[in-house]
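What follows is a set of notes on a single structure, which appears directly below.
Just so you know, residue 1 is the first one in the sequence shown, and it goes up from there. Both counts, for ligands and for their atoms, begin at 1 and track the order of listing.
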Amino acid sequence: MPYPLIDIGANLTHDNFDGDRTEILARAEAAGIVKMIVTGSSDQGNIDAAELAEPHPGRLYSTAGVHPHHASDYTDASDELIRSLVLRKSVVAVGECGLDYFRNFSPREAQLEAFRSQLEIAADTGMPVFLHQRDAHDDFVEQLEPLLPRISRAVAHCFTGAGESLREYLEMGLWIGITGWICDERRGAHLHDVVSEIPDDRLLLETDAPYLLPRTLTPKPKSRRNEPAYLAEVLRVVAKARDQSEQHVAEITTENAVKFFALHD
Ligand SMILES: [Zn+2]
């Protein structure tokens, strides 16, 4: 029997899944993925994510937010949409939101403004927040820190940084989401050392599907597309790096996800 796991970040509304979404959900279930949080990252994506999750109570949930890549499109209507979506039972967090200076698809000013607005929504509504940060550590911390006392819980999703930023995040009270990035021997090797510094009660697992197919999967899937069923591989590598049993890591991360998102059945 596979260990019951919760994928806290799956982009299941992505058009890569349009042809076989039902099979993807069935494979996830067979692989022990008992609950999934569908990431919302744009106005339309937030509506799609909520509509995908709603018919699967207790199993699928969604977030509502605007990704820094789409920050230029963040309007008053985006703000209102997020505020109305988080009132729904199946919508369990604000985000994904944050800063991405690696790609800079949206100008930094727009990113900063959209990020601030969404942190305000999290603060006003008491919802937890799902955070994205890439190559923007200093600005990210500067924006986030003053609002944290008013925010219930915050997770640094797809953490890929060094020990120093991990320690800073932990001190700020952030929870840490680990993806299959840790399975990448080229750019994720450093995570094997730092992942054991994450306390048991702050660790979360995610696939970020369809992105970040774990490179350690055997046999290698024919497609490069990642899916929630592969979360067990992230569990395996994280457990090994932390020198803990898979069962233990499965138990704590599942419990953490229920707590973080206040998941109901
Ligand atoms: Zn992200």
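Relative to the ring axis of Y101, R108 places its NZ or CZ within 45° and under 6.0 Å from the centre.
Residues E29 and R59 are paired through a salt bridge, judged by an N-O separation under 4.0 Å between the basic side chain and the carboxylate. Classification of R236 and E233 as a salt-bridged pair holds, one side-chain N sitting under 4.0 Å from a carboxylate O. Using a 4.0 Å cut-off between a side-chain N of Lys or Arg and a carboxylate O of Asp or Glu, E23 and R27 do not qualify as a salt bridge.
Protein atoms of type N, O or S found under 2.8 Å from the Zn ion (ligand 1) total 3.
The side chain to side chain donor-acceptor pair (under 3.5 Å) with H137 is formed by just one residue from the set E168, E164, E142; it is E168.
Between the side chains of N226 and Y211, not a single donor N or O lies within less than 3.5 Å of an accepting N or O.
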